[in-house]
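Report on the structure given below.
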Amino acid sequence: MTWDTVASILIGGALTGLVYSLMALGLSVIFGVIRVVNFAHGEMMTLAMFAGVFLFTGGGLDPILSLPIVAGTLFILGYALQRRLVEPFIARPEHEQFILLLAVAILLVNGLLLAFGPDARSVTVDYAFDSFELGPIFIDKVKAYAAGVGVLVAAGLLMFFRYTRTGKAIRACSDNLMGAQVVGLNIRRLYALTFGLGVACVGAAGCLLSLLVDVTPMLGPELTLLAFVIVIIGGLGSMMGALLGGIVVGLSEALAGLLIVPSMKSMFSFGLLILILAFRPQGLFGKRT
Amino acid sequence: MRGVGAVLRGAPRAATGLAVLGAALLVAPLLVDDYLLSVILITLYFAFVGQAWNLMMGYAGQLSLGHALYVGLGGYAAAAFFVHFGLTPWAGMVIGILVAAAFAAGIGLLAFRFGIGGVYFALLTIAVAEFTRILFEHFEWVGATGGFFLPVENREINDLLMLRGSPAMFYYVILAMTVGLFLANVALIRSRMGYYWMAIREDQDAAQALGINTFRYKMMAVVLSASLTALGGVFLAFYNNNLFPIDAFGIHRSIEIILAPIIGGLGTLFGPILGAFILTPLGEVLTWALDQLGVQMAGVKHLFYGLVLLVIIRSLPGGVWPWFARRLGIEGPEARP
């Protein structure tokens, strides 16, 4: 294998990784602020992927264009979920929160299975097999666009948290909940907003991933796990960590596909997770507490 | 605290109920048809593995979301040695338990030595189960993705030594296992170890401060629970006669295992059994009813399970048993506070 093929594959992996990053960012935002672990993350992602596929096959809408619609819908869903379901569980024991979201995950997987059946569905846009050529290196056009949009959305979210009043208020809740309550912030609304934003992130990521990966309802648990792998590699609760973790996982999957059997690629990321948990539980980019 | 026997003596209605249930289960193969028997059999299987999982989560407070790992390891080990070397499952069982215990000890060592708790521990258990699933999908000695099959022989002859025989034989085996584990649990949770587990579950730091070796007792819980679950796996493999990596180790299998104890009542003796007897028959009735209507829909049963889980965790987080026990007039000695 020549070096330029290897380079093309690695770049492809890193670009897919950036889409994973956006998904993991959603998980990280929710955990970082509300301290609730969204066990239904990957299932929400599949929901968005199905939306992306159907808006494409039904409405002829490129998933990149349908992204705002899907992300917006999932925002509302996330907001409602937090207000109606998760909120009463915030003060409850940790395992009850897990079980609650596990139940949501089971409902989503089987609801999708019931509605759309077990078949794999995909989006084939008209630039599907085009690529950019950088000298001898080929960069898949779809992956490049998906990654580019993913980075834009992530950057938008980071700016929101850094510069807007609401974003600052949400960060205040995560830094010092008592202090935030004392200065009169509406915690319940901010939490719902955060959950909504996290789920909207997944919605955007799901739209983009529908360009790259075939979707089946059973993909959900796998994606949930992948999101956790990324977030733990990057350090739970750290936004930059989630972004970098996504690239690491994308690269490791590409490498695994290159070096061993492609079907063993997710074993690579699970192996990575086990190693990280054992030797650096604060994540590659997290600080030791 | 009173023993289960004492509690039952104090509540004649519950004691009578238990006696009737026991008698009904003993004579069931004579009364019901093969389909119904298979439903009760699978219910008992879930009651068995549910009890095994409950030891770890319900009593020691360690959440495992990857218990299918041990079902798969136990099943594959016993089945492989049976098919390749003609080894009796009673010996293969020991191998399966040893392998499962080794995996559990590995997970426990990783997690408890490095202070991984809560969500990280749960994720570690899923990750190891998924890792093993993919490993087995490439493990040619046991058939890889194509599946591993036990030869199906004449079902008329019951060979208990090789665990080959009629559904009724399998039924009595799982009934004995479930009842045996229940009795063992009664003794276990009233032992020193049982109290240590509950102390760790309620407040690990306080338990440690009292001088309990929390590392050791958490390891015991994980290894014991895994070994028992592997035993369930051996049974399931020999009953089903086939093993597929996705069906043995898949996350949906792990979730199936934890449904009954959560719905029945975490950290109670009767909870996992009650949960299994509520959930499995209801799921079957639902599938059957839809079948009669001519509707065949994949996912309905699990959608229903998810709904039950949601309702229970929202409005009855302690599970059905504690509520049921109060109605029967027994304040369970083991009701979770």
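In what follows, chains carry the letters A, B, and so on, assigned in the order in which the sequence lines appear, proteins first and then strands, with residues in each chain numbered from 1. Keep in mind it's a predicted model, so treat the numbers as computed, not measured.
- The number of heavy atoms from other shown groups lying within 6.0 Å of CZ (A:Arg92) is above 12.
- Checked against salt bridge (charged side-chain N to carboxylate O under 4.0 Å, His left out), A:Glu87 has the following partners two or more places apart in sequence or in another chain: A:Arg83, A:Arg188.
- Contact annotation: the side chain of B:Leu65 approaches that of A:Leu102 to within less than 4.5 Å [non-hydrogen atoms, C-beta and beyond].
- With a 4.5 angstrom heavy-atom cutoff, B:His138 touches chain A only via side-chain atoms.
- Contact annotation for B:Leu63: only side-chain heavy atoms (C-beta onward) come within less than 4.5 Å of a heavy atom of chain A.
- At a 4.5 Å heavy-atom cutoff, the contact between A:Leu273 and chain B is made by side-chain atoms alone.
- To the nearest 0.5 Å, atom CD of residue A:Gln97 and atom CD1 of residue A:Ile90 are 7.5 Å apart.
- Looking at A:Phe39, the atoms closer than 4.5 Å to chain B (heavy atoms on both sides) all sit in the side chain, from C-beta outward.
- Only the side chain of A:Glu94 comes within contact range of chain B, with at least one heavy atom under 4.5 Å from a heavy atom of that chain.
- Ring geometry for B:Phe270 versus B:Trp321: interplanar angle of 30 to 60°, hence tilted.
- Cation-pi contact between B:Arg133 and B:Phe136: absent, since separation from the ring centre below 6.0 Å together with deviation from the ring axis within 45° is not met.
- For residues 219-228 of chain A, a heavy-atom distance under 4.5 Å to chain B picks out A:Pro221, A:Leu225, A:Phe228, given by residue number.
- For A:Ile232, the part lying near chain B is the side chain, with the backbone staying farther off; criterion is any non-hydrogen pair under 4.5 Å.
- At a 4.5 Å heavy-atom cutoff, B:Val308 makes no contact with chain A through either its backbone or its side chain.
- Taking the six-membered ring for Trp and the full ring otherwise, B:Phe139 and B:Tyr76 have centroids separated by 6.0 Å or more.
- Of the atoms belonging to B:Leu124, heavy atoms from both backbone and side chain fall under 4.5 Å from chain A.
- Crowding of B:Phe324 atom CZ: a count of heavy atoms from other residues, nucleotides or ligands under 6.0 Å not exceeding 12.
- Not less than 6.0 angstrom separates the ring centroid of A:Phe98 from the ring centroid of A:His95.
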